[in-house]
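The next block holds one structure in the form of structure tokens; read it before the comments.
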Amino acid sequence: MLDFIASITLIRYLIVWRITSPVVLLPRCLPRELATVLGRLIETSLPTEQARQWRKSLTALPPRWPLEVVIFSPYLSGKRAYGNDELIVWELKLLGEDADHGLFLEVILPAMEKAATTMEVSLRGGRNLWGRFDIQSI
């Protein structure tokens, strides 16, 4: 009866970021912001043909990745302002053929690292998250 469950391929990452700034304001929809910003950072690091695929996917509303992925933030209390040493916890799920730990290590994790340390003015505006956190654990 539950044979279909055995056929589901899934890798689930629980991601914890520690805020490194006095005040960070999270967007109203963190998963959408994560998909947009991390997707753009991934796109800029890929060869032209793959980047084109990402660019096209990211223009959709809501932004999509050309992967089977779920970005989920069930651990946030609805609070939007975070400060030094507070934690942001969210999940990334890779599904089906895209459930590949190598893909995570080679493509997604470097984008997260870049997002954590970015000095890019277009991303660091206001009191947003980008460039103001450390990856605490995965």
Side-chain angles (χ1 to χ4, degrees):
M1 184 164 103
L2 299 176
D3 291 336
F4 74 93
I5 292 176
S7 67
I8 296 174
T9 306
L10 165 78
I11 298 177
R12 176 182 173 213
Y13 298 94
L14 184 64
I15 299 163
V16 181
W17 289 348
R18 182 175 298 278
I19 301 301
T20 59
S21 178
V23 178
V24 166
L25 296 176
L26 292 187
R28 294 195 189 284
C29 184
L30 182 61
R32 180 179 293 171
E33 181 84 1
L34 290 167
T36 300
V37 173
L38 294 177
R40 286 187 181 145
L41 292 171
I42 290 168
E43 178 227 324
T44 61
S45 68
L46 294 173
T48 305
E49 188 60 38
Q50 290 174 317
R52 187 175 302 125
Q53 205 176 15
W54 278 81
R55 197 173 307 113
K56 183 177 180 181
S57 296
L58 291 171
T59 59
L61 287 176
R64 293 181 174 85
W65 288 6
L67 305 172
E68 286 188 71
V69 64
V70 175
I71 298 174
F72 191 55
S73 60
Y75 308 100
L76 301 178
S77 63
K79 168 177 147 171
R80 291 193 57 219
Y82 287 78
N84 267 338
D85 293 327
E86 287 191 90
L87 303 177
I88 305 295
V89 182
W90 59 282
E91 288 184 37
L92 173 74
K93 297 176 184 178
L94 297 175
L95 308 162
E97 292 179 14
D98 297 317
D100 175 3
H101 189 59
L103 171 71
F104 177 80
L105 291 176
E106 295 170 17
V107 177
I108 300 169
L109 183 57
M112 278 190 228
E113 291 169 341
K114 191 172 184 179
T117 60
T118 189
M119 297 304 284
E120 199 172 307
V121 174
S122 65
L123 291 178
R124 283 190 60 107
R127 293 184 174 166
N128 68 22
L129 180 61
W130 312 113
R132 296 181 175 99
F133 67 89
D134 288 329
I135 299 171
Q136 179 71 28
S137 64
I138 298 178

May I ask you to test the Val69-Leu92 pair for a side-chain heavy-atom distance under 4.5 Å?
yes
Going by salt bridge (charged side-chain N to carboxylate O under 4.0 Å, His left out), name the pairs with one or both residues in residues 77-86, residues two or more places apart or in two chains.
Lys79-Glu86
Please enumerate all residues that pass salt bridge (charged side-chain N to carboxylate O under 4.0 Å, His left out) together with Arg64, with sequence neighbours excluded.
none
Is there a side-chain contact between Val37 and Trp130 in this structure, where contact means two heavy atoms from C-beta onward sitting under 4.5 Å apart?
yes
Indicate if Leu76 and Phe133 have the same hydrophobic cluster label, given that clusters are the connected sets of ILVMFWY residues with side-chain heavy-atom separations under 4.5 angstrom.
yes
In Å and rounded to the nearest 0.5 Å, what is the CG to CD1 distance from Leu67 to Ile42?
7.0 Å
Might you point out which heavy atoms bring Asp98 and Leu103 nearest each other, and give the distance in Å?
O-CD2, 3.6 Å
Would you give the length of the straight line joining atom OG of Ser73 to atom CG of Leu34, rounded to the nearest 0.5 angstrom?
7.5 Å
Phe104-Val89 co-clustered via ILVMFWY side chain contacts under 4.5 Å
no
So how far is it from Thr9 OG1 to Asp100 CG, rounded to the nearest 0.5 Å?
11.0 Å
Distance in Å, Ile71 CD1 paired with Glu33 CD, rounded so as to fall on 0.5 Å steps:
11.0 Å
Thr36 and Pro63: which non-hydrogen atoms are nearest, and at how many Å?
OG1-CG, 2.9 Å
Flag the pair Leu58 / Trp65 as yes when at least one side-chain heavy-atom distance between them is below 4.5 Å, and no otherwise.
yes
Tell me, please, which residues at least two apart from Lys93 pass salt bridge (charged side-chain N to carboxylate O under 4.0 Å, His left out).
Glu91
Validation row: Arg132, Tyr82 side chains within 4.5 angstrom (heavy atoms)
no
Taking everything shown except Tyr75 itself, do over 12 heavy atoms lie less than 6.0 Å from its OH?
yes
For Glu97, what residues pass the salt bridge (charged side-chain N to carboxylate O under 4.0 Å, His left out) criterion, not counting sequence neighbours?
none
What I'd like to find out is whether the side chain of Ile88 reaches to under 4.5 Å of the side chain of Leu30, using heavy atoms alone.
yes
According to side-chain contact (heavy atoms from CB on, under 4.5 Å), who are the partners of Pro66, at least two apart in sequence or on a separate chain?
Gln53, Trp54, Ser57
Does anything in residues 19-38 form a ring-ring contact (aromatic ring centres under 6.0 Å, His included)? List the pairs, not counting sequence neighbours.
none
Which residues satisfy the salt bridge (charged side-chain N to carboxylate O under 4.0 Å, His left out) test with Arg55, sequence neighbours excluded?
Glu43
Checking Ile19 against Leu129 for the side chain to side chain contact (heavy atoms under 4.5 Å, CB included) test, could you report, in this order, the C-alpha distance in whole Å, the side-chain angles of both residues, the deciding distance, and whether it holds?
CA-CA 8 Å; Ile19 301 301; Leu129 180 61; 3.6 Å; yes
Is there a path of hydrophobic side-chain contacts, each under 4.5 Å between heavy atoms of I, L, V, M, F, W or Y residues, that connects Ile138 with Leu94?
yes
Show the nearest heavy-atom pair for residues Leu87 and Val16, with the distance to one decimal.
CD2-CG1, 3.9 Å
For residues 13-24, pull every pair meeting side-chain hydrogen bond (donor to acceptor under 3.5 Å, both in side chains), keeping only residues two or more places apart or in separate chains.
Tyr13-His101, Arg18-Gln136
What pair of heavy atoms forms the shortest contact from Leu95 to Val70, and how long is it?
CD1-CG2, 3.8 Å
Hey, can you pull the donor-acceptor pairs under 3.5 Å for the side chains in residues 106-116, sequence neighbours left out?
none

When every non-hydrogen atom of Thr44 is compared with those of Leu41, the smallest separation belongs to OG1-O, 2.9 Å
